[in-house]
Amino acid sequence: DVTPVTEFERLSAGSAAGKPQFKDNILSFAVAYGLCLQGLGKSELKTNLLPEEIVRTRLVRGKKPWMVAGAAAVLAGLTFNYFSHAAAWKQAENDAMKQAEDQAKAVQTTASTFESENQAIRASFESIAATGEKLTSNIEGRVRWLELMKALDAALPKDERPAEERKETAEDISGRNELHIVAIETQKFTDLGTEWYTAVSSAYEESKGREAQAAAAEPLDAAPVDGSADPAVAADSGGALAGPGWVIQLTGYHYHNADRQNQTGDFVSNTLIKNLEEGTVELPDGPNGELVEVPLKDLAISHAWLVRDQQLRPELIDPDAVMQDPSTTGRGGYGGYSPSPRGTGQPGAEDKLIKLNRYDFIVQFCWQPKTRAARIELAAQRAAAEEAAAAAAAAAAEESAAVVE
């Protein structure tokens, strides 16, 4: 059973408690009763039924005076700051300051003019320098192939004996330091590293490995090489390749096959390839065009290797044959005497034929042409490095002598 509410405890309704309207609507006064208790701080619940919009409006209305006061303070500070700057500006706003500003603007204008003129002069100089570089490179480019052919001639081994001391015998011909080049072919690549070396790297490294093994054996009949003692010149030629350049291919043969320690491909490696890596050539790179020894590496010749070799094969040559024209016989060669392999047809000619062992080969190397100015700069850098090394060695020797004393 639910007991009906007939009165509020601890609340005295006074004379209204006995009126029928109060009794009939006693439950409607519960909300007002609770709000009164909250207002007095006597209630357990803290419920506010006032809409949030009204609460926010009352908060804004309560803080508005403080906001107005803050804005007024900011405006007052800005006004004071303005008047302080205005006072400082008025002190500086005079004829002397105006004259100084005009002078500064004139200096700035002059500097801008000079800068523009400097840029124009530099652009003109660079254009003239580029034109001069093209003209110089064209002039130097005319002799590049001549320089290459002279370098090849310097790299090829030669029999230095006078002609009258040579004998047309198998022993003499087999002992001559000669290579016979029958063909020179060239091909240009935009990037030697990616277009050429990538395709031949395995065969190249294998060939250089065989050359290293042959060099370790120290052949007794190796031809002398007029190389440079510079470590940079004697360094291995198998470095990285990049940029445009030419691949030069030499096709040839030789009869230097009597010495088993220095025959076939070993003779080619110990002479031509070694000279291409370490040899020098006389070029007019000195003062006033004087001939000086230039390392072949300064001509950007590198990666010389024996591409292909063949087994020795016997060949009969006629010692009485004269030098033939390579264009008509196909037997001549660049770099040496090439006797005819056939008899002359005369009676008794077969008895004069000499039996030799012939070795055919193909050699390739890379060439990235350098201008004469670039070679001269390389030589100057090398000389400076040598002087620095000599000075360091002398200083070390003096220090060592001082310590001993």
Side-chain angles (χ1 to χ4, degrees), residues 151-161 166-185 200 203-225 237 247-279 301 303-319 321 323-324 326 329-343 352-365:
L152 284 178
D153 183 70
L156 286 170
K158 301 176 181 61
D159 188 353
E160 302 296 343
R161 297 177 301 169
R166 303 178 186 179
K167 300 178 182 180
E168 300 302 330
T169 63
E171 293 78 9
D172 189 272
I173 297 175
S174 299
R176 294 177 186 175
N177 292 325
E178 291 181 341
L179 293 177
H180 309 281
I181 305 300
V182 299
I184 301 178
E185 301 174 75
V200 303
Y204 172 83
E205 292 173 1
E206 181 179 356
S207 174
K208 301 307 287 187
R210 291 196 302 267
E211 291 179 16
Q213 293 177 358
E218 296 183 357
L220 300 178
D221 195 28
V225 178
S237 62
V247 172
I248 312 298
Q249 178 170 291
L250 308 177
T251 303
Y253 65 94
H254 70 78
Y255 298 112
H256 193 282
N257 300 303
D259 185 357
R260 294 184 178 275
Q261 293 183 342
N262 189 24
Q263 63 174 352
T264 62
D266 293 338
F267 180 66
V268 178
S269 299
N270 294 331
T271 55
L272 175 59
I273 294 179
K274 188 174 182 180
N275 290 343
L276 287 173
E277 294 177 346
E278 304 176 9
I301 292 177
H303 293 77
W305 66 300
L306 186 61
V307 179
R308 185 177 64 188
D309 58 351
Q310 297 180 356
Q311 299 295 327
L312 291 175
R313 60 184 179 89
E315 182 174 334
L316 295 176
I317 64 172
D318 184 359
M323 178 73 73
Q324 300 293 329
T329 65
R331 295 288 306 161
Y334 177 84
Y337 163 66
S338 179
S340 172
R342 301 178 181 273
K352 298 181 180 180
L353 296 181
I354 300 175
K355 184 177 180 180
L356 297 170
N357 289 324
R358 170 170 166 161
Y359 173 76
D360 294 270
F361 63 87
I362 294 178
V363 168
Q364 286 184 353
F365 64 88

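Worth saying up front: this structure is predicted, and the values here are computed from it rather than measured.
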**Arg176: which of Glu168, Glu160, Glu171 passes salt bridge (charged side-chain N to carboxylate O under 4.0 Å, His left out)** = Glu168
**Asked** Is any NZ, NE, NH1 or NH2 atom of the basic residue among Lys208 and Glu277 found under 4.0 Å from an Asp or Glu carboxylate oxygen of the other?
**Response** yes
**Message:** Assess whether a salt bridge exists between Asp172 and Arg161, defined as any Lys/Arg side-chain N lying under 4.0 Å from an Asp/Glu carboxylate O.
**Reply:** yes
**Request:** Evaluate side-chain contact (heavy atoms from CB on, under 4.5 Å) for Asp360 paired with Arg313, printing each intermediate quantity in order.
**Result:** CA-CA 9 Å; Asp360 294 270; Arg313 60 184 179 89; 3.4 Å; yes
Show the nearest heavy-atom pair for residues [X] and [Y], with the distance to one decimal.
| X | Y | result |
| --- | --- | --- |
| Leu276 | Ala155 | CD2-CB, 3.8 Å |
| Pro314 | Asn357 | CA-OD1, 4.1 Å |
| Gln263 | Leu312 | OE1-CD1, 4.0 Å |
| Ala151 | Ile301 | CB-CD1, 4.3 Å |
| Pro157 | Leu272 | CD-N, 4.5 Å |

Just how far is it from atom [atom1] of [X] to atom [atom2] of [Y], taken to the nearest 0.5 Å?
| X | Y | atom1 | atom2 | answer |
| --- | --- | --- | --- | --- |
| Leu152 | Leu179 | CG | CG | 11.5 Å |
| Glu178 | His254 | CD | NE2 | 11.5 Å |
| Asn257 | Leu356 | CG | CG | 9.0 Å |

**Request:** Using side chain to side chain donor-acceptor pair (under 3.5 Å) as the criterion, list what pairs up with Glu205, not counting sequence neighbours.
**Result:** none
**Request:** Identify, with sequence neighbours excluded, every residue that meets side chain to side chain donor-acceptor pair (under 3.5 Å) alongside Arg308.
**Result:** none
**Asked** Under the 3.5 angstrom rule, does the side chain of Ser207 hit a backbone N or O of Ala203 as a donor-acceptor pair?
**Response** no
**Lys158 side chain vs Leu156 backbone, donor-acceptor pair below 3.5 Å** = yes
Side-chain contact, heavy-atom cut-off 4.5 Å: [X] with [Y]?
| X | Y | result |
| --- | --- | --- |
| Ile317 | Glu315 | yes |
| Glu185 | Thr251 | yes |
| Asn270 | Asn262 | yes |
| Tyr359 | Gln311 | no |
| Thr264 | Phe361 | no |
| Val363 | Gln249 | no |
| Tyr253 | Ile181 | no |
| Asp159 | Asn177 | no |

**Request:** Examine the side chains of Tyr204 and Gln364 and answer whether a donor and an acceptor come within less than 3.5 Å of each other.
**Result:** no
**Request:** Any chance you could lay out the side-chain contact (heavy atoms from CB on, under 4.5 Å) test for Leu306 and Ile273, step after step, and finish with the verdict?
**Result:** CA-CA 8 Å; Leu306 186 61; Ile273 294 179; 4.1 Å; yes
**Derivation and outcome, ring pair (Phe, Tyr, Trp, His ring centres under 6.0 Å), residues Phe365 and His303** = CA-CA 5 Å; Phe365 64 88; His303 293 77; over 10 Å; no
